[in-house]
There are 2 protein chains.
Amino acid sequence: MRKGLTIGEFATVSHLSVRTLRRYHEAGLLEPATVDPHTSYRYYRPDQIATAQVIHRLRELDVPLAEVKALLATDDPQERAGLISGHLRRLEAELDRTRAAVGSLRRLLQPEAAALEVQLRSVPARTVAAIRDRVRREDALVWFDGAMTELDAAFPPAGRDGPPGGQYANELFTEGAGAMTVFRPVRHPSARGRIEVVELPPVELAVTVHPGSHDDIDVTYGRLGSWVVAQALGVDGPVHETYLVGPRDTADAGQWRTELGWPVFRLGGDPRPGETRS
Amino acid sequence: MRKGLTIGEFATVSHLSVRTLRRYHEAGLLEPATVDPHTSYRYYRPDQIATAQVIHRLRELDVPLAEVKALLATDDPQERAGLISGHLRRLEAELDRTRAAVGSLRRLLQPEAAALEVQLRSVPARTVAAIRDRVRREDALVWFDGAMTELDAAFPPAGRDGPPGGQYANELFTEGAGAMTVFRPVRHPSARGRIEVVELPPVELAVTVHPGSHDDIDVTYGRLGSWVVAQALGVDGPVHETYLVGPRDTADAGQWRTELGWPVFRLGGDPRPGETRS
DNA sequence: CTCGACCCTCCCGCCGGGGGAGGGTCGAGA
DNA sequence: TCTCGACCCTCCCCCGGCGGGAGGGTCGAG
C-alpha cells in the first residue's frame, strides 16, 4: 500500500531538489502529508504540488523562507496580496538602487572630472526646526522623505530662512544604522509632531558642492575626505548636507546642488572638548 | 609622524565598514598602503579612496569579490569594460527571470483554471536530427536557442517532418544540471556540426498541452504529474516537449502551444528493462 | 603614567542551500 | 525468502559576504 509520493518522486514532479524539500519540511514550510514514525520517511500527497509551486515562485523572487511561511499560514487573500505587493515594492526599490549604482559606476570610470573646490568655513550656532531619529540605512531614503515633507508642511515658504539641511552620523554609512537629523532654518521655530527646536552647535567645516543626482554623492564625500586629509586635518562628527537645489525644487536631478560639509579639526589639536570623536 | 589613515579613518571617508575593509585586505582586493610589521596596524593612503569607491559600486551590483579583484588587476580598459558589461548582462537576465516569476506568481494565485486534459499515448521509435549536451540550468535557455538555431539552419523548412521537440532529464530541474536534447524530425537525417542522428526509443507518455509563455510551464508539469499519480502511474525518465507553436513561429507568447509528455509506467509493473528509474 | 579609544586576530552566526559520510529501508526479481 | 541496488534517513561541513563579540595589544592626549 502506497502512503503517498516519496520525497524523490515529489521532487521530480515539483521541480524542487530533495534537499530543498527536506529543508522546507524542517522550516515548517511544507510539511509532508505523513512521516513514517519508524523510518522517518517523508510521504507527500499530490495536492501538495500546488503549494510547492507557490513556494518555488516566491523563492525565485528571493522572498525569505520565514516570509513565505507567514504567507502560507494566512488564508486571508487580502493579507496575502499585501505581503506580496510589499515584497514587490522592495524588489522595485532594489532595482532602483541597482540602476543608480550602474550609472554611478559609469561616471566613476570616466576620466576624472575637474578638481574639487573646497573651502574651510566656521559655521556659527543656529537654532532650527529639526526631526531626529536613529535610522537603518535601508530606511534612510524613506525616512528622509517623510521627515522633510513634515517640515515643509509645518513651515510654509514665508516662514523659512534658507535651504534645508541634514546631519548624518558616519555610522549610518559605515555600519548598518545611525542618527539622522533633517532641519530647516525658520524664522519662528516651534515644536510640533516629530519636530523639535534644536540648537545646532558651531562647527568648523570643510565644504564643497556636489552637483547632480545623489547617486554618486559618496564619491564626492571621498574626494572631500581626501582633501581634508591632504590638509593635515582630521575628520570628525556627523557629515552636514545643505540642499541648495534639491528634489523639492526641480525634478531634473542634473540641476541639483548639494553642499557637503565635513567637520574637521587640526591634528594634534583639540577635537572640540565635550565631544568624542566618533 | 602619521603613516597614513588608520582603518577607522579610512572607513569613515570611504563609507565602508572597518570589518569590510579588513575583509578586502584579506581577499587581496584593497591592500593597505603599509602594514606595521610589529602591530599589524593597517594604514591607508588618501588616493586609495578612489579604489574603495569603485569596489563599493561593484559590490552594490553584487559583483563577487573574486571578480572585482580580477577587474582591478587589469589595466586594459577594454577588458575592464568587457567584464563589467558581462556582469550587467547577467543582471539583465536576472531581471527577466524576476519579471517572469512575478507574472507566473500572479497567475498562480488566480482561482484555478480549467481542468487539465491529459491523454496517454504510445510513441513509437523515431529517427531524428538532434543536439545533446549536459547543461547547467542557468545556461539552459541560451543553450536551447543556440542548438535550435543550428538545427533550423541545417534543415530548411522543406526537409522538416513535424514540429521540433526536446527531452530534458529531471535532474536538470531538481539538481543544478542535467542532459538536454533538442531535436527535429526530418526527412533525411544527417550529422554535421553538433548535430547527430539519433533514434529516440519508443515510450509511453502522459501528454498535455501547455498554452502560452514558458514562464509557468512547471506549473503545468506539476498538474500533469499530479494527474499521473492519481492514475496510479509512476513518472520516469526525461520529460518530453514538443513545440507545436513556439517562439520561432510567433513572437506573441500568448499563442504558444507546447506539448508536455512525461514517461509513465504502471506501478508494480516493469519500468522498461534496461533503463534505470532516474 | 593613565586611560579610553582604537586596533588586532580568532571564532561563531546568518541565509539557502550543495556535497558527502555513514547507515537504514524498500521492493522487484530469482 | 533472500538479495541487491536504488532510495531514504540524519549529521556535519562548505560557500559568500559580511556582522557580533571575545580577548588582548597599541596609540596618543592630558
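Because the structure is predicted, anything quoted here is derived from the model rather than measured. Throughout, a chain's letter reflects where its sequence line sits, starting with A, and its residues are numbered from 1.
Atom CG of B/L21 and atom C1' of D/dG17 are 14 Å apart (whole Å). Atoms NE2 (B/H25) and P (C/dC10) sit 13 Å apart, rounded to a whole Å. Distance A/E171 CD to D/dG20 C1': 16 Å, rounded to the nearest Å. The distance from atom CD of B/E60 to atom P of D/dC18 is 11 Å, rounded to the nearest whole Å. Here the C1' atom of nucleotide D/dC8 and the CZ atom of A/F10 are 16 Å apart, to the nearest Å. Remark: P of D/dC27 and CD of B/E9 are 14 Å apart, rounded to the nearest angstrom. One interatomic measurement links the two molecules: CG of B/L29 to P of D/dG17, which rounds to 9 Å at whole-angstrom precision. Taking atom CD of residue B/E26 and atom P of nucleotide D/dG19, one finds them 14 Å apart after rounding to whole Å.
Within a 6.0 Å radius of CG in B/L120, other residues, nucleotides and ligands contribute more than 12 heavy atoms.
A salt bridge is defined here as a Lys NZ or Arg NE, NH1 or NH2 lying under 4.0 Å from an Asp or Glu carboxylate O, and B/R89 with B/E92 fails to meet this definition. By the 4.0 Å N-to-carboxylate-O rule, B/R57 lies too far from A/D215 to be salt-bridged with it.
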Subject >> Strand DNA chain D in bracket notation, Watson-Crick/G-U under 3.5 Å with | for pairs to another chain >> reply: ||||||||||||||||||||||||||||||

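Nearest heavy-atom pair across A/G222 and B/Q53 is CA-NE2, 3.2 Å. Nearest heavy atoms, A/S17 versus B/E175: CB-OE2, 4.3 Å. Contact detail for A/Y24 and A/I55: the closest heavy-atom pair is CE1-CG2, 3.5 Å. The shortest heavy-atom contact between B/Y43 and B/G4 is CD2-O, 3.9 Å.
Side chain of B/R59 to backbone of B/V63: a donor-acceptor contact under 3.5 angstrom is found.
Between B/R22 and C/dT9 there is no side-chain polar atom (N or O) within less than 4.0 angstrom of OP1 or OP2. OP1 or OP2 of C/dC7 lies within a sub-4.0 Å distance of a side-chain N or O belonging to B/T6.
Classification of the A/F173-A/Y221 ring pair by plane angle, with boundaries at 30° and 60°, yields tilted. The aromatic rings of A/W262 and B/H15 sit tilted relative to each other, their planes meeting at an angle between 30° and 60°.
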Subject >> Contact pattern, 5' to 3', of nucleotides 13-20 of chain C - B, S or - by protein heavy atom under 4.0 Å >> reply: ---BBBBB

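Put simply, the side chain of A/L260 reaches to within 4.5 Å of the side chain of A/I217, judged on heavy atoms.
Non-hydrogen atoms lying under 4.0 Å from DNA chain C are contributed by A/H38, A/T39, A/Y41, all within residues 34-44 of chain A.
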